[in-house]
Amino acid sequence: MGEDVTAPPLDGQDPLRLLPPVEPVRLLASDGTLHEDEAHPVELSDEALLAIHRAMVLTRRVDREAINLQRQGQLGVYASCLGQEAAQVASAWALDEADWVFPSYRELGSAIVRDVDPADLLHLFRGTWLSNHDPYEHRFALLSIPIGTQALHATGFAMGARFDDNPVVTMVYFGDGGTSEGDPHEAMTFAGVMQAPVVFFVQNNRYAISVPLDRQTAAPTLAHKAVGYGLPGFRCDGNDPLATYAVTRRAVERARAGKGPALIEALTYRMEAHTTSDDPTRYRSKEELEEAARTDPIARMRNHLRQRDLLDDATEARFEEEAAERARAVREAIYDAPHGDPLELFDHVYLADRADLAAQREELRAELATRDEEAGADGAADPGTGDAGGER
Ligand SMILES: Cc1ncc(C[n+]2csc(CCOP(=O)(O)OP(=O)(O)O)c2C)c(N)n1
């Protein structure tokens with residue numbers, strides 16, 4: 001009692017230093033013109049700029065192929081990243097090779113930057129396996145479907161690295177909806193207290209399935225939430241690859257220098273459905289979509305590279321052809337890929353056996369045996385149909 005409750009924090013620093021400017025950092029106008037900003041230097045070579053564009057083109061082409069594969073019954077479901085290519089590719093580009101990425105289910109673009117074979121990720125959506133890539137080889141963790149859980153993994157990993165004096169930074173992706181979940185809240189609280197070298201990268205794509213941002217939070221912006229955890233908040237135009245890179249690189253560098261975690265809000269737009277199971281026409285208008293198409297990140301980067309004479313017709317055609325070739329390879333790897341034994345699911349949950357899991361395993365085994373018997377009785381089993389839902 002009697003204490004001045006308005007006293008500044010004990011370290012005497014002004015807490016307002018953590019507040020993000022409300023205007024997001026934007027360096028490329030939608031026609032591709034660069035407006036340089038001394039506070040956000042881009043520092044990317046011409047080769048790197050072209051490589052970022054190439055990765056975005058590749059992401060878009062493979063994303064389209066994944067949707068097609070789902071439509072043909074080869075994937076159970078797929079979560080498209082159409083429109084979010086810059087947010088994903090440019091942010092992943094800001095990491096060093098030894099740094100780690102903790103993705104949600106939508107980060108095809110970041111996976112491509114980490115050289116993960118997209119087909120390896122799509123096995124999860126087919127239900128053949130949990131994912132095929134080696135997380136250690138690519139420093140890219142397995143996709144996380146439960147919203148926001150990966151924020152805890154990234155924070156724990158970053159704390160571990162810090163205890164080991166290993167200069168690794170982790171970056172975790174989650175959506176605007178994820179900011180309402182408990183796990184990112186706990187992760188950011190912990191990261192702030194422990195000064196873990198983790199960058200929380202929120203792709204604000206305006207929707208959590210059908211829930212728009214204004215039904216998600218009453219905060220002025222998502223980046224403002226950072227202050228409550230003692231983290232600096234940053235905002236960038238997530239459809240501007242140069243701004244996204246510059247802002248993320250700064251956050252990564254300060255984390256590596258021991259200055260602690262940060263929260264970045266990248267403003268973007270999910271141009272496809274939430275997943276292939278969703279019908280977005282029920283909650284957003286054609287006009288809104290047309291407006292969003294005008295901020296297309298790939299068109300913006302293409303215009304920029306054209307303006308600087310870094311991209312010509314031949315290079316563009318080569319990027320498109322390479323992307324088509326990769327999409328063909330993904331199709332070949334996924335089409336009719338044999339499903340594993342569903343019972344293997346239980347083998348990788350805990351190191352030691354557990355009675356509850358053993359009971360669930362037995363329940364599934366019995367159910368599958370009954371299904372096989374029924375299928376055998378009416379001759380309906382046809383493992384060659386390619387139906388990802390029915391086939392095991
Ligand atoms: C813990 C948990 N609750 C609910 C769901 C169902 N669910 C899947 S995606 C989603 C919305 C997520 O929205 P957002 O975090 O904005 O990410 P986006 O899908 O837009 O990339 C929900 C509620 C889930 N996967 N996990």
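Start at 1 and go down the list; that is how both ligands and their atoms are numbered.
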Look at Arg250 together with Glu253 and state whether they make a salt bridge at an N to O cut-off of under 4.0 Å.
no

May I ask you to check whether Pro146 has an N/O atom sitting below 3.5 Å from an N/O atom of ligand 1?
no

List ligand 1 atoms under 4.0 Å from Gly177, heavy atoms only on the residue side.
14 (P), 15 (O), 16 (O)

Tyr207 and Tyr283 aromatic centres sub-6.0 Å
yes

Going by the side chain to side chain donor-acceptor pair (under 3.5 Å) test, name the single residue among Gln203, Glu272, Arg270, Glu107 that passes it with Gln84.
Gln203

Determine, for Asp115 against Arg139, whether the closest basic-nitrogen to carboxylate-oxygen distance falls under 4.0 angstrom.
no

Honestly, for His274 the part within reach of ligand 1 (heavy atoms, under 4.0 Å) is side chain

Please determine whether a side-chain nitrogen of the Lys or Arg among Arg328 and Glu332 lies less than 4.0 Å from a carboxylate oxygen of the Asp or Glu.
no

Which protein non-hydrogen atom lies closest to atom 15 (O) of ligand 1, naming both residue and atom, and how far is it?
Gly178 N, 2.8 Å

Give the single entry among Arg206, Glu181, Gln203 that approaches atom 3 (N) of ligand 1 most closely by any heavy atom.
Glu181

For the pair Leu49 and Leu242, evaluate side chain to side chain contact (heavy atoms under 4.5 Å, CB included) and give the outcome as yes or no after the intermediate values.
CA-CA 9 Å; Leu49 291 173; Leu242 301 195; 3.4 Å; yes

For Tyr105, the atoms of ligand 1 under 4.0 Å from one of its heavy atoms are 9 (S), 12 (C), 17 (O), 18 (P), 19 (O), 21 (O)

As an exercise, identify every atom of ligand 1 less than 4.0 angstrom from a heavy atom of Arg106.
18 (P), 19 (O), 20 (O), 21 (O)

Return yes when at least one protein heavy atom is under 4.0 Å from atom 12 (C) of ligand 1, and no when none is.
yes

Rounded to the nearest 0.5 Å, how far does CZ of Phe157 lie from CZ of Arg162?
15.5 Å

Atom 25 (N) of ligand 1: which protein heavy atom is closest, and how many Å away?
Ile145 O, 3.1 Å

Just jot down the ligand 1 atoms closer than 4.0 angstrom to any heavy atom of Asn205, in number order.
18 (P), 20 (O), 21 (O)

Check for me whether Tyr207 has a heavy atom closer than 4.0 Å to any atom of ligand 1.
yes

Are Trp129 and His348, when compared by the centres of their aromatic rings, separated by less than 6.0 Å?
yes

So is Ile209 polar-close to ligand 1, meaning N/O to N/O under 3.5 Å?
no

Among protein heavy atoms, which sits nearest to atom 6 (C) of ligand 1, and what does the distance come to when rounded to 0.1 Å?
Ile147 CG1, 4.6 Å

Ion pair Arg371/Glu374, N-O distance below 4.0 Å
no

